[in-house]
Q: 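Here you go, one structure.
The basis for the numbers below is simple: all heavy atoms, side chains too, and nothing from hydrogens, waters or symmetry mates. A, B, ... follow the sequence lines: proteins, then strands. Residue 1 opens every chain.
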Amino acid sequence: MLIAVILSAQCTDARVNLTTPALFAAYPTPQAMAAAPLRTLERLIRSCGFFRMKSKNIKAASRALVERFNGRVPRTMEELLQLPGVGRKTANVILATAYDQGAIAVDTHVLRVASRLGLARARTPAKVEQQLSRVVPQAQWGQVAHWLIFHGRQICHARKPECLRCVVVDLCPSAKRFLRVTSGRTKG
DNA sequence: ATCCCGAGGG
DNA sequence: CCCTCTGGAT
């Protein structure tokens, strides 16, 4: 899962899922992945984009797993952040999905949708994460990011949100603005 | 063109 | 704060 999440940056899940079977067949363990030739890794993951950086990170992170974490993916934010290519968002995905720790992974969708809905006012992912954790019941921390991401992908698009199809349009402080924009009377 | 469950470096 | 990394789908 760690490798898949690293691959998923700026890449669709469908594309990641097409890529991982051959990758994991070739390198089934952290040890194998750490010893993989960079060129081969690059060829295997090329279609996921950012393939040079991701290959380097996957190899280096695998080496770190072997050398410093006993071949296992660590369970704390602090340790996860030590892995090359793993930032706060990726770490939170691992904590929430693999270790059921109720972490809130704030990506571009979560940031945008939470902001538009008035769930968080901050502009940095870390602060939005903190604000969401105050507004959202702890039992739902692990899922709330998925709900916001799904809504962001289907309805609340970055450029042109489809407020006319939005089920929470009546609760949304931003809807009025976007509805005016899409009807063509005002700009901005 | 615009978007896809970002991270790291300057 | 900004920039760069990258290919594929729509």
Side-chain angles (χ1 to χ4, degrees), chain A residues 1-23 33 38-65 73-74 76-117 119-120 122-133 136 140-163 165-166 178 181-182:
Chain A
M1 175 179 294
L2 175 68
I3 302 301
V5 178
I6 290 175
L7 285 176
S8 76
Q10 293 298 297
C11 178
T12 60
D13 285 357
R15 174 58 52 187
V16 172
N17 291 335
L18 288 175
T19 302
T20 47
L23 179 63
M33 197 73 82
L38 267 185
R39 301 307 153 201
T40 310
L41 272 183
E42 289 177 359
R43 181 165 46 74
L44 284 168
I45 73 168
R46 182 184 51 84
S47 71
C48 289
F50 294 165
F51 64 91
R52 276 182 278 264
M53 285 189 32
K54 286 176 182 174
S55 293
K56 209 180 302 175
N57 286 150
I58 286 169
K59 186 175 162 82
S62 299
R63 185 174 305 169
L65 288 184
V73 177
T76 67
M77 172 64 70
E78 191 189 343
E79 292 174 306
L80 285 166
L81 289 179
Q82 294 172 26
L83 300 172
V86 176
R88 191 170 183 91
K89 185 264 171 178
T90 299
N92 274 326
V93 171
I94 299 299
L95 291 173
T97 311
Y99 294 135
D100 200 25
Q101 302 231 8
I104 303 178
V106 177
D107 68 359
T108 175
H109 295 292
V110 175
L111 196 68
R112 179 180 72 253
V113 177
S115 164
R116 284 180 180 166
L117 282 173
L119 296 176
R123 290 192 243 328
T124 69
K127 285 184 188 169
V128 167
E129 178 188 333
Q130 186 187 328
Q131 295 182 339
L132 282 177
S133 71
V136 178
Q140 333 220 61
W141 286 0
Q143 315 170 71
V144 64
H146 288 287
W147 300 336
L148 296 177
I149 287 163
F150 190 76
H151 191 242
R153 288 212 290 224
Q154 303 299 311
I155 306 288
C156 198
H157 311 291
R159 300 287 165 137
K160 194 184 170 198
E162 301 185 63
C163 301
R165 292 178 48 209
C166 179
F178 289 119
V181 169
T182 51

Q: Work out which heavy atom in A/Phe51 is nearest to a heavy atom in A/Glu42; give both atom names and the distance.
A: CD1-CB, 3.8 Å
Q: Would you please say whether a donor-acceptor pair under 3.5 Å links the side chains of A/Gln130 and A/Ser133?
A: no
Q: Taking atom P of B/dG6 as reference, at what distance in whole Å does atom CZ of A/Phe51 sit?
A: 19 Å
Q: Which of residues 87-97 of chain A sit near DNA chain B, with a heavy atom under 4.0 Å from it?
A: A/Gly87, A/Lys89, A/Thr90, A/Val93
Q: Within this structure, what is the CD1-to-P distance between A/Ile155 and B/dC3, rounded to whole angstrom?
A: 16 Å
Q: Per the side-chain hydrogen bond (donor to acceptor under 3.5 Å, both in side chains) rule, what does the pair list look like for residues 51-60 of chain A, sequence neighbours excluded?
A: none
Q: Within the structure, does a side-chain N or O atom of A/His109 lie under 4.0 Å from either OP1 or OP2 of B/dC4?
A: yes
Q: Which of these, A/Arg159, A/Arg165, A/Lys160, sits in a salt bridge (charged side-chain N to carboxylate O under 4.0 Å, His left out) with A/Glu162?
A: A/Arg165
Q: Which part of the nucleic acid does A/Pro84 contact within heavy-atom distance under 4.0 Å: base, sugar-phosphate only, or nothing?
A: sugar-phosphate
Q: Contact class for A/His146 (heavy atom, under 4.0 Å): base, sugar-phosphate, or nothing?
A: base
Q: Where do A/Thr19 and A/Leu44 land on the side-chain contact (heavy atoms from CB on, under 4.5 Å) test, with the steps shown first?
A: CA-CA 7 Å; A/Thr19 302; A/Leu44 284 168; 5.7 Å; no
Q: Which whole-number value in Å describes the distance from A/Leu2 CG to B/dG6 C1'?
A: 14 Å
Q: Given atom CD of A/Gln154 and atom P of B/dC4, what is their separation to the nearest angstrom?
A: 11 Å
Q: Over all strands shown, is A/Val86 touching base, sugar-phosphate only, or nothing at heavy-atom distances under 4.0 angstrom?
A: sugar-phosphate
Q: Could you check A/Asp107 against A/Leu83 and say which one's nearest nucleotide on DNA chain B is further toward the 5' end?
A: A/Asp107
Q: A/Leu111 has an atom CG; how far is it from atom P of B/dC4, in whole Å?
A: 13 Å
Q: Along DNA chain C, 5' to 3', what are the outermost nucleotides having an atom less than 4.0 Å from a heavy atom of chain A?
A: C/dC5 to C/dA9
Q: A/Asn92 and A/Ala103: which non-hydrogen atoms are nearest, and at how many Å?
A: OD1-CB, 3.1 Å
Q: Roughly how many Å apart are B/dG9 and C/dT6, using the P atom of each and rounding to a whole number?
A: 14 Å
Q: Tell me: NZ of A/Lys160 to P of B/dA1, nearest whole Å?
A: 18 Å
Q: Considering every strand and a 4.0 Å limit on heavy-atom distances, what is the contact class for A/Asp13: base, sugar-phosphate, or nothing?
A: base
Q: Tell me: CD1 of A/Ile45 to P of B/dA7, nearest whole Å?
A: 15 Å
Q: Grab the CD-P distance between A/Gln10 and B/dG6 for me, whole Å please.
A: 6 Å
Q: Look up atom CG in A/Leu23 and atom CD1 in A/Ile58, then write down how far apart they are to the nearest 0.5 Å.
A: 6.0 Å
Q: Drop me the distance from A/His109's NE2 to A/Gln154's CD, to the nearest 0.5 angstrom.
A: 10.0 Å
Q: Search all heavy atoms of A/Cys166 against all heavy atoms of A/Ile155 and return the closest pair with its distance.
A: CB-CG2, 3.8 Å
Q: Specify the residue among A/Ile149 and A/Gly85 whose closest nucleotide of DNA chain B lies further upstream toward the 5′ end.
A: A/Ile149
Q: Which atom names give the shortest non-hydrogen contact between A/Ala91 and A/Leu81, and what distance separates them?
A: CB-CD2, 4.3 Å
